[in-house]
Every structure is written in structure tokens, then in C-alpha cells.
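What follows is one structure encoded as C-alpha cells, with my remarks underneath.
A quick note: this is a predicted structure, and the numbers were derived from the prediction, not measured.
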Amino acid sequence: MNKTIIVSNRLPLQVKIENNTLNIKPSVGGLATGLKSVHEEGNGIWIGWSGLTEEELNKDLSNQVNKEVTKAKCATVPLTQDDVDNFYFGFSNKTLWPLFHYFMEYTEFDNDQWEAYKTVNQKFADVVLDNIEDGDTVWVHDYQLLLLPKLIKDKKPNTTIGFFLHIPYPSYEIFRTFPWREELLHGMLGADLLGFHTYDYERHFLSSVKRILRLDVQFNEISYLDRVVKVDSFPMGIDYNKFHNAALSHLNQSNTEKSELQKRLDDHIQTGPDTKLILSIDRMDYTKGIPNRIRAFEYFLNKYPQFKEKVRLVMLAVPSRSDVPQYQKLKRETDELVGRVNGEFSTVSWTPIWYFYRSMPFDNLIDLYTSSQIALITPVRDGMNLVAKEYVATRVNQDGVLILSEMAGASKEMNEALLINPNNFEQLADTLKLAIEMPAEEQSKRIKILQKRLQRYSVEKWAEEFMKSLNDTKKIGKTIVAKKMDKDHQATMISDFKQAKRKLLFLDYDGTLVGFKDNPQDAKPDDKLIQLLDQLNQTENTDVVIVSGRDRETFEDWFADKSYNLITDHGVWLKGKNDDWQMLEILKTNWMDNIQPILQTFVDRTPGTFIEQKKYSLAWHYRKADPELAQIRTIELNTVLTHLISNNDLSVLKGNKVIEIKSSSVNKGRATSRWLTKANYDFIFAIGDDWTDEFMFEDLPENTYSVKVGFKKTKAKYYVKDTDKVRDLLANFTQQ
């Protein structure tokens, strides 16, 4: 039975050693709750680090950990203290975390930490591969494991892999500064489905993929090697019922059941009819905008002095990464700001800010949520922010106001909150006044809509939607008619090849025998390719024909001392093994004088593009251009050219990052069909990568083994991953 494997940096367990005794209990976080049903189904397994380093464990304790973890349907990844220091505290939290949250001034690019990040991702991959079988589904989580999807997919291509990023994905302009950007993107693209909290993050990721890797993106699907990778947004929810029901129970408490914190909160609320508590809850992290919030509250008290002694900001800052210098500095700054504001405004009976720097148990959080009429959640950058959702869930009387930063992912789905720019103190002060004075009817109207949405799209629903989309990716391949050239198909083809009396191989050049280059002249055949072509050319009873859009002069230069069969210019010129060049079509070229100036204007307006003038065609290359600008320009150019060539017997070919204008009477289909008349072939093979090769696939006989390079819509029967696979495939024809 196929299983689901969840992979995250930490297991959904709290594993501790107390007095040399192991203490394990389940975690209560949102992720653990959301994935509970996914984890418990069938023979699923959760893989992650236990929280204990190898140095903390002796053999007996290690065996105990493995035993207890296995009982909980989990598996541990062994990490040393050095791994944790360099991979987690180092690269994950000193490079990826600040960079992805737009704090470039805090971002460190350390090569040793990058190497540690790669090493630990491989350690996670090793444990996954020990537990995985073909057909299994894997769901990888968060920024600590960005390389993991590819590491799994490379070894187990027949598994379905999902990845979800729980923090923001930065804009292309930020991400491009990352030194190992290509490796990170390739790592993520090992997944079949990539999930983000918001459409903005999804859009930023797709922009990086287009601009850095130059991959084709259609809406939210990326054509990647022999697969299509889907990208989508899934806003993470909360365990709504847990918070709502806890708040209901809390309201029915007797005085003796109330906590000390609740009694203190009640004392403030009961000092007068106009008193309000403004709640602020965050981890102590520079992304949360805590100092800004204190300064904005100070500005509010100065601008609207009528609210002094009537409102109080209750700030809970949960300790986080307290050994990191930036966090220590943030703590000092926060302490000083709170001290300054309280020193400036406090009276005998009133302190404007209550400040708690500690973790609080769940019951005390509910005390704060239910007692506060306003929640002030103003991060400067936040992937989602579940505190905002938890506050709304606890408003059982359908009152209260949520003020939320538009920089939090949650703002995209919580439009009924009062959305603010956390850097605009004027707006924040005015919005606080609006929240304090908001009529009960307006409060209820907003909260009701928010609650309805949050209740429907809970954390369980989030997990369910992601898994449904991940399973749907298995159907994507069915829209491509071609089959993957697997070992079985390959064996059948080679068997037919060996039994045939006369064989014919048609080979495209660019994108098939060699990869694409920014400058087409740099795609010269390398020594290994020449060796392979020589072997094919010498294979008994086999005609090998290179069919290309390249011009005759280039092939004459590259293959001057070779006796290859060549067709160039899409089918204008033909050269047999030991023959002179023969012109298959007589073509006019006077049309070029009219088209060339038009192409030149597009070169001038589109940096990174250039014209390649061949003898019988013109090609506008845009491989080095900005992909989004190129997309606009190709549509424009296609429109202009279609209008111009309508009566000139010309056609426009859209190749891989190139638009080519040539005579309509010439194509690879006509040229290859002519070659077929030379002999009675009982085995035909054809391979190519782009639109120009479709003419060849279409015109060749039904029994042809036609192969497309890459995972694209095609008339070919089979497809292979890339040029490396092409060479591997062709090498089979040379083995007797």
C-alpha cells in the first residue's frame, strides 16, 4: 500500500532528556494539528530531527529515542551539534530567514554554512530514501529543506513530491542576490507541486524561475525537464474550533477559576466604561516590527491625548533565538522603548504598556485574546501570521477589532480587518482611534465575516486542499500524448533496431544533441558528441541524418572532415555521406530586406535580443532577454509578422527562445520525407526538441520511433528528459 511521508525540520514531538531519562510528548503546534489526519492515514510516516544532537545521546538513549519515535509513526534524522550550528542557526536563520523576509542587511553568505546546509539536506534525503517506495507521496516543509525535493526525485522519480514554504518568498530583485540561487531553485523544482501562502509569493517564485533558470511558465505550470511542476497558493489556517471552544469555556469561568493574569486584566477593564486593552503578541523577531509598534503607540498617545489612562497596550513578546546578536539587540531596543514610553506617560494608576517577555501557556493566551477589545498585529514582513486568525476565532461575542499589517500574508484573506502600513505612524494612530471608537454593530459585521471564512478554511482544510492538488498532479502527464521512453520501451526499440535490415536515424541538433547557448555559435559539437556521431555513422546498415535549422556554412565549418549525412536550413540543403551539397528547394531571399528593419526595432526595444541572419531565414533570438518583457515582445512581433507575410509564402516558426521567419515551402517534414525515397527502411527513428521538429514527426511513417526532448505537447510517441538522456539513448544504437 502506498504511503504518505511528511518531512519537516522537527518532528511533531517534544523529545527531552531529564535526569538521564527520556521524556517524549506530542507537539501542539499548528503544523502538527493540520497534518494529523495526513500522518495517521494508512502507514504514513513523519521524518524530522528529534531535537537532540548525536553528542547528547549514548547508544541506549539513541535506541530508546528510535523505539519511541517509531511507535509515533516517525523516523529521526541524526544531526550533530556542528550540523545544528551551521545548518539551522547558521544558514537557515542567518541567510534564508533574513533574505526571504527582505532584511538584506542581516543576511550572511557563508560558504561553509552553505556546505552544511547541503550536507544536512542530504542527511534528510537519506532517511527518506530508506523509508520510501515507488508510488509513495512525500510532503516536504519549509525553508530548512529547500534542496530536499530534488534529492528525493533524482533517486526516486516515480514518487509524487509536494513542497510547502511557510515563510514569504521574496521578489526576484531580492532573490537574485543569493549566490546559490540556481541550486536552490533546482532543489525546489524536484517537487511536483509547490505551495505558498499567498499569490504574491507564488508570483515572485515564478518570476525567479523564468528570469534565473529561463524556464517556460504557462500560468502556474513550469515545464521542467521531463515533467510539469505546478505552483499554487494555499493560505494556512488554524485549529479554529480549539480556540473558539476554549474562549467559550473561558467566558463561563467563576472568579475562583480565573488565573492571576485574568484578574489583573479584569481590574483594568473595570476602571471605567471607556477602557480598552490593545493586544500585541509576537515572537521576539525583527520581522515582527515590535519597535515600530511601540513608537506608533507613543505617536498615538501624543496625537490623541484623550485616550491616556483609558487604553493600555498589552505586549507579549515570546523569546526567540536569544543567542543571535540581532535578536539580542532587538530585545535591548524593545526594553528601552517600553521603558521610555512608560516613563513618559505613566500616572499613579495607569501604565500605558504592559510588557511580558516570556512564553505563556495556552490558557493565558486565551485570557489575553478574550480580554482585549483590539488586536494590533503589525509585522513588517510575515509569511502568514496565525495570531491574527487566533484572535478572531476567540471573539465569541462577535465583537473586537483586528488591526493588521498589509505586509502579513494573512491580510490577503482578511480584508474585513483594518489593514495598515506598519511604517506609517500617522495611519496607525488614526486607525487605532477608529478601532477604539468603532460601533458594536460594525465590529460584529466584520468579525462575523472573518469567523465564517476562518472556520471554513481551517488548518485541516488547508492540508486537505494541498493533498488533493498534489494527487491531481499525477494526472498532468495524461494531457501529454507522448509516453516516457522508459527502460521497457527502450528495450523494445533496440530489439527492433537490431532485427531490422535497413535503419534510419533523424537527429535534430540544437536542444537535442547539444544544450542551448546564449550565443548560437557557442553550441559547437564537443569531443564526446563527435565520438558518438562517429560510432553511429559507422553502424552497419544504418543511415544517420542530422536535420537542423542551422545554416549550411556553420555545419561545413563544424563537420568539415566528417562524412555525415546533413540537412540544413530546415530542409534547403542536403549533403550525403560522400556527396556534394545539393539544393532541395530554390528560394527567394529578397523578402529579408523588408523584414530585417522590423526585427531590428524589436532588438533595439528589447535588451538581450539579437538577429541571426541565415542564408534563407531570419531568426530573432531572445534567450538572454528578460522573460516577462520577451513574452510581451513575442506577441507583438508575431502580430506584426503575421500581417506582413500573409501574401509572401513565408511562415513564422516559434522555436526555443527564438522566432524564425522562413519560406513556407521548406520544413523538416518535407526534407525527411524526401530522404525516405533513398532506400527501403524497416526501422526509422526521429528525435527533436521544438516546434520545427513537429513537421518531421507528423510526416514520417506511423511505425517511426519519434521522440521529443522535454515534457511538451507533441506529435511524437515518446519523450526523454534532456540532452544527456538523448546521448544515453543514442549510445544504445552503437552497442552490438
**OP:** Please check if atom CD in Glu173 has more than 12 non-hydrogen atoms from other residues, nucleotides or ligands closer than 6.0 Å.
**Re:** yes
Subject >> Donor-acceptor under 3.5 Å (Ser92 side chain, Phe87 main chain) >> reply: yes
Subject >> Side-chain heavy atoms of Thr512 within contact of Thr723, under 4.5 Å >> reply: no
**OP:** Please say whether more than 12 non-hydrogen atoms of neighbouring residues, nucleotides or ligands are located less than 6.0 Å from CZ in Phe109.
**Re:** yes
**OP:** Please check if any side-chain donor atom of Asp126 sits under 3.5 Å from a side-chain acceptor atom of Gln122, or the reverse.
**Re:** yes
Original post:
Side chains of Leu507 and Phe685: closer than 4.5 Å at any heavy-atom pair?
Top reply: yes
**OP:** Could you tell me whether the side chain of Lys712 and the main chain of Asp689 form a donor-acceptor pair under 3.5 Å?
**Re:** yes
**OP:** State, without any angle test, whether Glu460 and Ser458 hold a side-chain donor-acceptor pair at a distance under 3.5 Å.
**Re:** yes
Original post:
Does a donor on one side chain sit under 3.5 Å from an acceptor on the other, for Thr692 and Asp690?
Top reply: yes
**OP:** Start with the C-alpha gap between Arg623 and Asp518, add the side-chain angles, then the distance that decides, and say whether salt bridge (Lys or Arg N to Asp or Glu O under 4.0 Å) holds.
**Re:** CA-CA 6 Å; Arg623 182 164 300 280; Asp518 288 340; 5.1 Å; no
Original post:
Salt bridge between Glu628 and Lys210, side-chain N to carboxylate O under 4.0 Å?
Top reply: yes
Original post:
Given side chains that start at C-beta, do those of Lys717 and Val707 come closer than 4.5 Å, heavy atoms only?
Top reply: no
Original post:
Strictly under 6.0 Å, is that where the ring centroids of Phe91 and Trp114 end up?
Top reply: yes
Subject >> Close side-chain approach of Leu129 and Lys156, heavy atoms under 4.5 Å >> reply: yes
Subject >> Cation-pi check, Arg211 onto Tyr172 ring (under 6.0 Å, within 45° of axis) >> reply: yes
**OP:** Keeping the roles fixed (side chain from Lys614, backbone from Gly549), state whether a donor-acceptor pair exists under 3.5 Å.
**Re:** yes
**OP:** Among Leu700, Val547, Asp699, find the one that has a side-chain contact (heavy atoms from CB on, under 4.5 Å) with Lys668.
**Re:** Val547
Subject >> Closest non-hydrogen atom pair, Asp192 against Thr160 >> reply: OD2-CA, 3.4 Å
**OP:** For atom NZ of Lys725, decide whether the heavy atoms of other residues, nucleotides or ligands shown that lie under 6.0 angstrom number more than 12.
**Re:** no
Original post:
Between Thr634 and Gln631, which heavy-atom pair has the shortest distance, and what is it?
Top reply: OG1-O, 2.9 Å
Subject >> Side chain to side chain, Tyr718 and Lys708, heavy atoms closer than 4.5 Å >> reply: no
Original post:
Is a donor on one side and an acceptor on the other found under 3.5 Å between the side chain of Thr609 and the backbone of Thr606?
Top reply: yes
Original post:
Asn93 and Tyr143: side-chain donor and acceptor closer than 3.5 Å?
Top reply: yes
Subject >> Under 3.5 Å donor-acceptor, Asn471 side chain and Met467 backbone >> reply: yes
Subject >> Ring centroid separation Trp462 to Tyr457 under 6.0 Å >> reply: no
**OP:** Might you point out which heavy atoms bring Leu11 and Cys74 nearest each other, and give the distance in Å?
**Re:** CD2-CB, 3.9 Å
Original post:
Where do Lys468 and Glu465 land on the salt bridge (Lys or Arg N to Asp or Glu O under 4.0 Å) test, with the steps shown first?
Top reply: CA-CA 5 Å; Lys468 181 177 179 295; Glu465 288 288 314; over 6 Å; no
Subject >> Closest approach of Ala463 to Leu35 (non-hydrogen atoms, all atoms of both residues) >> reply: CB-CD2, 4.0 Å
Original post:
Is the backbone of Asn638 close enough, under 3.5 Å, to the side chain of Lys654 for a donor and an acceptor to pair up by distance?
Top reply: no
Original post:
Is it true that the NZ or CZ of Arg605 lies under 6.0 Å from the centre of Phe602's six-membered ring and within 45 degrees of the ring axis?
Top reply: yes
Original post:
Within the distance-only criterion (no hydrogens, no angle test), does the side chain of Arg227 pair as donor or acceptor with the backbone N or O of Ala191 below 3.5 angstrom?
Top reply: yes
**OP:** Could you tell me whether Phe205 and Tyr169 have their ring centroids closer than 6.0 angstrom?
**Re:** yes
Original post:
Which heavy atom of Ala408 sits nearest a heavy atom of Asn385, and at what distance?
Top reply: CB-CB, 4.2 Å
Original post:
How far apart are the closest heavy atoms of Ser233 and Thr198, and which atoms are they?
Top reply: CB-C, 3.5 Å
Original post:
Got Lys412 and Met384 here, is their nearest side-chain heavy-atom distance under 4.5 Å?
Top reply: no
Subject >> Close side-chain approach of Tyr117 to Leu96, heavy-atom, < 4.5 Å >> reply: yes
**OP:** Would you kindly check if the NZ (Lys) or CZ (Arg) of Arg181 is within the cone defined by 45 degrees around the ring axis of Phe175 and under 6.0 Å from the six-membered ring centre?
**Re:** no
**OP:** May I ask you to check whether Phe695 and His570 place their ring centers less than 6.0 Å from one another?
**Re:** no
Original post:
Checking Thr714 side chain against Ala716 main chain: does a donor-acceptor pair fall under 3.5 Å?
Top reply: yes
**OP:** Spell out, as yes or no, whether a donor-acceptor pair under 3.5 Å connects the side chain of Ser405 to the backbone of Val380.
**Re:** no
Original post:
Can you find a heavy atom in the side chain of Tyr509 that is under 4.5 Å from one in the side chain of Leu529?
Top reply: yes
Original post:
With a 3.5 Å cut-off and no angle check, do the side chains of Tyr224 and His186 form a donor-acceptor pair?
Top reply: yes
**OP:** Check whether any side-chain N or O of Lys461 sits under 3.5 Å from a backbone N or O of Met236 as a donor-acceptor pair, and report yes or no.
**Re:** no
**OP:** Determine whether the side chains of Glu660 and Ser617 contain a donor N or O and an acceptor N or O closer than 3.5 Å.
**Re:** yes
